[in-house]
There are 2 protein chains.
Amino acid sequence: MSKNDTRYKILIAAADIVQTDGILDLTLEAAAEKAGVSKGGLLYHFPSKDALIEGMVEFLMKNYAESIKMGAEQDLSQTGKWTRAFIKETFLQSTSNRSMDAGLMAAAAINPNLLKPVQDAYEEWQNHIEHDGLDPILATVLRLAVDGLWFSEIFGLAPLEDNRRKLVLERLIQLTQDNEE
Amino acid sequence: MSKNDTRYKILIAAADIVQTDGILDLTLEAAAEKAGVSKGGLLYHFPSKDALIEGMVEFLMKNYAESIKMGAEQDLSQTGKWTRAFIKETFLQSTSNRSMDAGLMAAAAINPNLLKPVQDAYEEWQNHIEHDGLDPILATVLRLAVDGLWFSEIFGLAPLEDNRRKLVLERLIQLTQDNEE
DNA sequence: GACAAAAAACCGTCTAGACGGTACAGTAAA
DNA sequence: TTTACTGTACCGTCTAGACGGTTTTTTGTC
């Protein structure tokens with residue numbers, strides 16, 4: 001069992017707890033037990049609870065940020081490529097990878113400072129989106145709609161059923177294609 | 001001091017704590033002290049912490065739901081009135097009344113079941129918005145954008161600066177006015 | 001409208017348990 | 001010999017909730 005395997009197992013376990021039982025049930029002991037590691041073992045990898053949350057946030061941001069960048073680079077059309085990448089990747093992530101939410105919520109609850117990396121990433125994306133060859137207000141609306149979808153799924157606030165979700169995605173993409181500045 | 005006054009004071013105090021110090025600092029004692037009530041007094045009104053959160057959620061939903069309904073009723077144009085009311089009221093609430101966030105976050109953190117009333121209200125609004133005389137996909141996009149704005153402000157994820165925020169609001173409203181089904 | 005009884009509103013202390021974190025001795029593998 | 005743990009014991013602090021007591025308000029009765 002390599003160092004990274006155990007770390008990974010702990011992060012997944014922690015995300016799982018947040019997701020199913022709520023933030024308040026995320027304790028070091030509970031996370032350790034769920035990961036099949038002793039409390040000492042957990043503290044070996046994450047010397048404090050803040051460090052654990054930090055790890056969760058890092059973990060969630062890593063793939064996400066890279067995917068968006070890659071999506072933008074591979075887009076054949078220059079106009080609106082960042083906005084499209086952001087839309088597509090968020091739609092994808094929020095179906096497949098619910099542990100995203102867990103890290104975010106845990107950080108917000110336990111230590112808002114830990115949200116910094118997410119905030120920084122968003123600033124960058126927002127900047128790209130505003131200078132994407134689209135009408136910046138429209139581009140911003142699209143970005144917000146994507147976040148709204150995520151939000152609605154985190155909190156279960158009238159989340160869209162599958163078909164509608166797909167139609168919304170298509171519409172958002174379409175709106176990036178015929179609204180040049 | 002009537003029963004309702006004290007209840008109200010406790011709810012405000014609790015929302016205040018969540019808002020300024022974070023969810024984890026919301027304890028019964030802290031809420032009681034801030035409300036100028038003893039812990040026993042607080043427990044008289046809210047027999048458990050869950051009950052307190054429940055009260056917060058109820059409180060936040062009451063005005064919000066009523067405002068949206070009123071906004072829709074007073075709208076001179078039939079087409080898109082619910083969507084417009086939802087947009088306007090959420091923009092307003094999320095500038096003026098941060099206790100929305102507090103209740104929501106507290107519930108999500110402490111006991112996700114307590115989100116039920118919010119979820120129910122959202123189901124209703126989503127239903128209105130989808131049958132508002134607008135293209136339902138567009139209407140849904142607008143709704144999501146509004147939620148996204150709220151979300152971005154709660155977590156500080158590239159929140160819009162004042163002027164852009166205003167322009168986005170105007171654009172959203174405008175989109176409800178020239179997109180009949 | 002005086003007054004007692006009852007109910008409602010509220011106080012403040014106490015307790016049992018949980019939690020984050022420390023310390024440390026030991027183990028198994030690389 | 002270092003890395004990656006296990007396991008246990010422990011400490012200080014915090015907190016939800018219980019509880020018994022006290023004040024204030026309401027209600028019924030004359």
Side-chain angles (χ1 to χ4, degrees), chain A residues 1-18 20-59 102-103 105-114, chain B residues 1-18 20-59 102-103 105-114:
Chain A
M1 182 68 62
S2 88
K3 180 171 183 171
N4 283 336
D5 281 356
T6 305
R7 255 187 75 96
Y8 180 76
K9 268 184 5 190
I10 294 170
L11 290 174
I12 295 293
D16 229 53
I17 290 169
V18 173
T20 58
D21 303 325
I23 300 159
L24 289 199
D25 285 355
L26 175 61
T27 67
L28 298 182
E29 256 165 20
E33 194 193 356
K34 189 149 208 163
V37 171
S38 70
K39 187 177 173 181
L42 186 149
L43 285 164
Y44 176 78
H45 289 285
F46 304 99
S48 71
K49 195 169 183 179
D50 273 16
L52 174 61
I53 311 289
E54 206 180 322
M56 293 172 76
V57 172
E58 236 168 65
F59 177 67
M105 295 290 292
I110 284 158
N111 186 348
N113 295 331
L114 300 173
Chain B
M1 183 67 63
S2 89
K3 181 172 183 173
N4 283 336
D5 281 355
T6 306
R7 255 187 78 95
Y8 180 76
K9 267 180 13 186
I10 294 169
L11 290 174
I12 295 292
D16 228 54
I17 289 169
V18 173
T20 57
D21 304 325
I23 300 158
L24 291 197
D25 285 352
L26 175 60
T27 66
L28 298 183
E29 252 165 25
E33 195 194 355
K34 189 149 207 163
V37 171
S38 73
K39 191 174 175 182
L42 185 149
L43 283 165
Y44 174 78
H45 290 284
F46 303 99
S48 70
K49 194 168 184 178
D50 273 17
L52 174 60
I53 311 290
E54 208 181 321
M56 292 174 73
V57 171
E58 237 168 66
F59 176 66
M105 294 295 291
I110 283 158
N111 187 347
N113 296 330
L114 300 173

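Reminder, nothing fancy here: chain letters follow the sequence lines and each chain counts from 1. Only heavy atoms go into these numbers, but all of them, side chains included; no hydrogens, no water, no symmetry mates. Note that the coordinates shown come from a computational prediction; the quantities given were computed from them, not determined experimentally.
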To the nearest Å, how far apart are B:Tyr44 OH and D:dT24 C1'?
11 Å
Step by step, work out the side-chain contact (heavy atoms from CB on, under 4.5 Å) result for A:Leu26 and A:Met105.
CA-CA 11 Å; A:Leu26 175 61; A:Met105 295 290 292; over 6 Å; no
With respect to the side chain of A:Val37, which nucleotide from C:dG21, D:dG17, D:dT6 is positioned closest?
D:dT6
What's the NZ-C1' distance between A:Lys49 and D:dC14, to the nearest Å?
13 Å
Presence of A:His45 side-chain N/O under 4.0 Å of D:dA4 phosphate oxygens OP1/OP2:
no
Just the rounded figure in Å: distance from P of C:dG17 to CG of A:Leu24.
20 Å
Listed nucleotide nearest any side-chain atom of B:Leu43, set D:dG17, D:dT15, C:dC11
D:dG17
Between A:Glu29 and A:Gly41, which is nearer to the 5' end of DNA chain D once each is assigned its nearest nucleotide?
A:Gly41
Go through the steps to decide whether B:Phe46 and B:Leu11 satisfy the test side-chain contact (heavy atoms from CB on, under 4.5 Å), and finish with yes or no.
CA-CA 10 Å; B:Phe46 303 99; B:Leu11 290 174; 3.8 Å; yes
Whole-Å distance separating the CG atom of B:Leu52 from the P atom of D:dT15:
14 Å
Residue pair A:Leu114 / A:Ala107: nearest heavy atoms and the distance that separates them
CB-CB, 4.1 Å
Chi angles and distances behind the side-chain contact (heavy atoms from CB on, under 4.5 Å) call for B:Thr6, B:Val37
CA-CA 8 Å; B:Thr6 306; B:Val37 171; 3.8 Å; yes
Classify the nucleic acid contact of B:Leu42 as base, sugar-phosphate or nothing, counting any heavy atom under 4.0 Å across all strands shown.
nothing
How many Å lie between CD on A:Glu33 and C1' on D:dG7, as a whole number?
14 Å
Using OP1 and OP2 only, check whether a side-chain N or O of B:Ser48 sits under 4.0 Å from D:dA16.
no
For the pair made of CD in B:Glu54 and C1' in D:dA16, what is the distance, rounded to whole Å?
17 Å
Measuring to OP1 and OP2 of C:dG12, would you say a side-chain N or O of B:Lys39 lies under 4.0 angstrom away?
no
Please test A:Lys39 against A:Leu43 for side-chain contact (heavy atoms from CB on, under 4.5 Å), starting from the C-alpha separation and ending with a verdict.
CA-CA 6 Å; A:Lys39 187 177 173 181; A:Leu43 285 164; 4.2 Å; yes
Could you check how far CG of A:Asp25 sits from C1' of C:dG20, rounded to whole Å?
16 Å
Between A:Thr6 and D:dC5, is there a side-chain N or O to OP1/OP2 distance below 4.0 Å?
yes
Rounded to the Å, how far apart are A:Ile23 CD1 and C:dG20 P?
14 Å
Closest to the A:Leu28 side chain, choosing from D:dG7, C:dG21, C:dG12:
C:dG21
